[in-house]
Amino acid sequence: MIHVFQPNLTLKDKFSVLKTMSQNNISGTSPTIRKFELELSNKFNMSHAIAVSNGSVALDLALKVLSLKEDDEVILPSHTIISCLSAVVRSNAKPVFCDTDINTWNMRLSDIEKVVTKKTKVVLMVHTYGLPAEAKKIKEYCTKNNILLIEDAAEAHGQYESGQPCGSFGDLSTFSFYANKHITTGEGGAILTNSEVYNNELLKMRNLDFSNKERFKHENLYWNYRLSGLQASLGISQIKEMQNTIKHKVRQGSYYQSLLSENNDIIQLPLKEHNGSENHYWVFGILIKQKNIRNDVMVDLKEKGIETRPFFWPLHLQKALPEKFKPQSNNLVNSENLGENGLYLPLGKHINKRKQKYITKNLIGAIKERS
């Protein structure tokens, strides 16, 4: 089976973890955690980084620290992972869904403006699949209208928008370091902010509300969302390798583009760049133009030993969405099109050009068989 993704850990990664083990810095309060956080804040131009156990936790804490009320509205794209929705619902706020651009697969400022109300308190801006959202425009709009911005940069490590690193636009920015990310700690995440107030509260929220004053006296029922020292040591090594990881994916993405470029009548390829940002191909996604054959194509490819993944299923159609949050009117046609007809192909150092040729040949064959 040619897997969609397979982690690639270098000797430097393994040495970094072994070094940390030899120093006994394995806990979530070891000096290695602070070193990792400093590397992150420096890399993404933010004053503070708070390492946590995963990216979903990062979203949870970023929303919880804002102390949102029941009537407060959080705008988020319907085309994104369910972690974003779960975090909004758990914060007691109301999720309000906006559509995404059919070409970039990201939310735009114009999409946000269609659903903003006087109750809008937060925009959750998500960068998707390798291209950034309109971060500068959305940031300026939020600042002008006194709306807080949470930036989910889980899929945009090392990406830039308007000359600024993704992860540096939000009042709070969140990262995931899951195994398939450009920086991985296996599992793991982080929240970045320039706010001293948010930083101090988040440090307590991830660590059971421990205080330096009276250690076992707690004012809040917070969580243990710590990252381990071993994971942080892997992350430190991974940060140094991030640009090489991106370069490799860009080369592979460009090769997929060349192999598939003559099939624009049956598939929509990802944009190579948008508004000056080169696609980093966190994943290489395609949109099948013929409706309702995506699942059958994926089955055909699996039978040929090729693993694929469907695009995110729209949040507004999720069975888990509480009834009271389901939109009264549905103008989220692009998100539904992407969810029903999009898929992404294997990408990473576990495949070569020969395998890419094999994948694309079988992909086009499976689609044309049903056209």
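Please read these numbers as outputs of a predicted model, since none were measured by experiment. For the single chain, residues carry numbers from 1 onward in sequence order.
- The distance from the CD atom of Q356 to the CD1 atom of I359 is 6.5 Å, given to the nearest 0.5 Å.
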Exercise. Under the side chain to side chain donor-acceptor pair (under 3.5 Å) rule, what do Q238 and D13 come out as? Steps first, then yes or no, please.
Key: CA-CA 7 Å; Q238 285 274 302; D13 292 329; 3.0 Å; yes

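- In this structure a side-chain-to-backbone donor-acceptor pair under 3.5 Å is missing from S237 to L234.
- Side-chain N or O atoms of D72 include none that pairs as donor or acceptor with a backbone N or O of K121 at under 3.5 Å.
- When L208, L203, D209 are each tested for a side chain to side chain contact (heavy atoms under 4.5 Å, CB included) with R206, only one passes: L203.
- Hydrophobic clustering (side-chain heavy atoms under 4.5 Å, transitive across Ile, Leu, Val, Met, Phe, Trp, Tyr) keeps Y225 apart from L227.
- No path of Ile, Leu, Val, Met, Phe, Trp and Tyr side chains, each step under 4.5 Å between heavy atoms, connects I81 with F175, placing them in separate hydrophobic clusters.
- In summary, the side chains of T100 and N334 do not present any donor paired with an acceptor at a separation below 3.5 Å, with no hydrogens or angles considered.
- Side chain to side chain, E134 and Y141 fail the donor-acceptor criterion of an N or O pair below 3.5 Å.
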Practice problem: Could you check V123 against I150 for side-chain contact (heavy atoms from CB on, under 4.5 Å), going step by step and ending with a plain yes or no? | Solution: CA-CA 6 Å; V123 168; I150 296 178; over 6 Å; no

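- Of the possible donor and acceptor atoms, none in the side chain of W105 sits under 3.5 Å from a partner among the backbone N and O of G130.
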Exercise. Please assess N199 against T193 for the test side chain to side chain donor-acceptor pair (under 3.5 Å), listing each intermediate value before the final yes or no.
Key: CA-CA 7 Å; N199 176 65; T193 184; over 6 Å; no

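- Surrounding NZ of K355 are more than 12 heavy atoms belonging to other residues, nucleotides or ligands, all under 6.0 Å away.
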Practice problem: Report the C-alpha distance between E241 and T245 in whole Å, list the side-chain angles of each, state the deciding distance to 0.1 Å, and finish with yes or no for side chain to side chain donor-acceptor pair (under 3.5 Å). | Solution: CA-CA 6 Å; E241 188 65 20; T245 299; 5.1 Å; no

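- K119 NZ: 12 or fewer foreign heavy atoms inside a 6.0 Å radius.
- Because its NZ or CZ atom is both nearer than 6.0 Å to the ring centre of F210 and within 45° of the ring axis, R215 counts as a cation-pi partner of that residue.
- Counting only distance, with no hydrogens or angles, the side chain of N341 and the backbone of N292 share a donor-acceptor pair below 3.5 Å.
- Hydrophobic clustering, with ILVMFWY side chains joined whenever heavy atoms are under 4.5 angstrom apart, groups I288 together with L260.
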Quiz item: Hey, mind stepping through N25 and T20 against side chain to side chain donor-acceptor pair (under 3.5 Å) and telling me if it holds?
Solution: CA-CA 5 Å; N25 289 330; T20 299; 5.9 Å; no

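- Inspection of the E196 and H48 side chains reveals an N or O donor paired with an N or O acceptor under 3.5 Å.
- Ring geometry, H316 versus F97: the interplanar angle falls from 30° to 60°, so the pair is classed tilted.
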Quiz item: Please walk me through it: do E37 and R226 pass salt bridge (charged side-chain N to carboxylate O under 4.0 Å, His left out)?
Solution: CA-CA 12 Å; E37 291 172 336; R226 298 187 299 265; over 6 Å; no

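- Contact of the C84 side chain with the L59 side chain is registered, since non-hydrogen atoms from C-beta on lie closer than 4.5 Å.
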Quiz item: Between L315 and T80, is a side-chain contact (heavy atoms from CB on, under 4.5 Å) present by the stated rule, with each step listed?
Solution: CA-CA 7 Å; L315 296 183; T80 189; 3.6 Å; yes

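- C142 contributes atom SG, which lies 6.0 Å from atom CD1 of I112 (distance to the nearest 0.5 angstrom).
- Applying the 6.0 Å contact sphere to OH of Y344 captures more than 12 heavy atoms from other residues, nucleotides or ligands.
- No donor-acceptor distance shorter than 3.5 angstrom exists from the side chain of N145 to the backbone of I147, with no hydrogens or angles considered.
- Residue S83 holds its OG atom at 8.0 Å from CZ of R90, rounded to the nearest 0.5 Å.
- Using modelled atom types, one finds a donor on one side chain and an acceptor on the other under 3.5 Å when comparing K291 with N337.
- Judged purely by distance below 3.5 Å, without hydrogens or angles, the side chains of Q231 and S228 pair a donor atom with an acceptor atom.
- Of the N and O atoms on the side chains of S261 and Q257, not one donor lies less than 3.5 Å from an acceptor on the other residue.
- Between L343 and M298, the closest side-chain pair of non-hydrogen atoms falls below 4.5 Å.
- Taking the six-membered ring for Trp and the full ring otherwise, the centers of F177 and F36 sit less than 6.0 Å from each other.
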Exercise. List the steps, then state whether side-chain contact (heavy atoms from CB on, under 4.5 Å) holds for N275 with L131.
Key: CA-CA 10 Å; N275 286 342; L131 281 172; over 6 Å; no

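- Looking at S168, its side chain does come within 3.5 Å of a backbone N or O of P165 through a donor-acceptor pair.
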Exercise. Please step through salt bridge (charged side-chain N to carboxylate O under 4.0 Å, His left out) for the pair D71 and K94, ending with a clear verdict.
Key: CA-CA 7 Å; D71 289 336; K94 177 184 177 181; over 6 Å; no

Practice problem: Decide side-chain contact (heavy atoms from CB on, under 4.5 Å) for W282 and H157; before the verdict, give the C-alpha distance in whole Å, the side-chain angles of both, and the deciding distance to 0.1 Å. | Solution: CA-CA 9 Å; W282 175 67; H157 303 180; over 6 Å; no

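- When side chains are defined from C-beta on, E307 does not count as touching K302, because their heavy atoms never get closer than 4.5 Å.
- Checking S173 against E151 by side-chain atom types alone, a donor-acceptor pair falls below 3.5 Å.
- The CG atom of N103 sits 11.5 Å away from atom CG of L269, with the distance rounded to the nearest 0.5 Å.
- At least one side-chain heavy atom of T128 sits less than 4.5 Å from a side-chain heavy atom of E155.
- Open room surrounds CG on N146; 12 or fewer heavy atoms of other groups in view lie less than 6.0 Å from it.
- L271 has its side chain within reach of H274: a pair of non-hydrogen atoms, C-beta onward, lies under 4.5 Å apart.
- In this structure the side chain of N106 never reaches within 4.5 angstrom of the side chain of D101, judged on heavy atoms.
- For E73 (side chain) and A93 (main-chain N/O), no donor-acceptor pair under 3.5 Å exists by modelled atom type.
- Ring centroid separation for the pair F312 and Y129 comes in under the 6.0 Å cut-off.
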Exercise. Begin with the C-alpha distance, continue with both residues' side-chain angles, and end with the deciding distance and a verdict on salt bridge (charged side-chain N to carboxylate O under 4.0 Å, His left out) for D99 and R108.
Key: CA-CA 8 Å; D99 209 0; R108 299 165 296 182; over 6 Å; no

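- The cluster map of Ile, Leu, Val, Met, Phe, Trp and Tyr, joined by side-chain heavy atoms under 4.5 Å apart, puts L192 and I239 in the same cluster.
- Criterion: ILVMFWY side-chain heavy atoms under 4.5 Å apart, direct or through other members. Under it, L287 and I364 are not part of a common hydrophobic cluster.
- The main-chain N or O of S233 is found under 3.5 Å from a side-chain atom of S16 such that the two form a donor-acceptor pair.
- Listed for the S86 side chain is a donor-acceptor partner under 3.5 Å among the backbone atoms of I82.
- Distance check: I236 CD1 to I33 CD1 gives 8.5 Å after rounding to the nearest 0.5 Å.
- Applying the ring-ring contact (aromatic ring centres under 6.0 Å, His included) test to residues at least two apart or on different chains, the pairs with a partner in residues 234-266 are Y256-F284.
- Listed for the K64 side chain is no donor-acceptor partner under 3.5 Å among the backbone atoms of A87.
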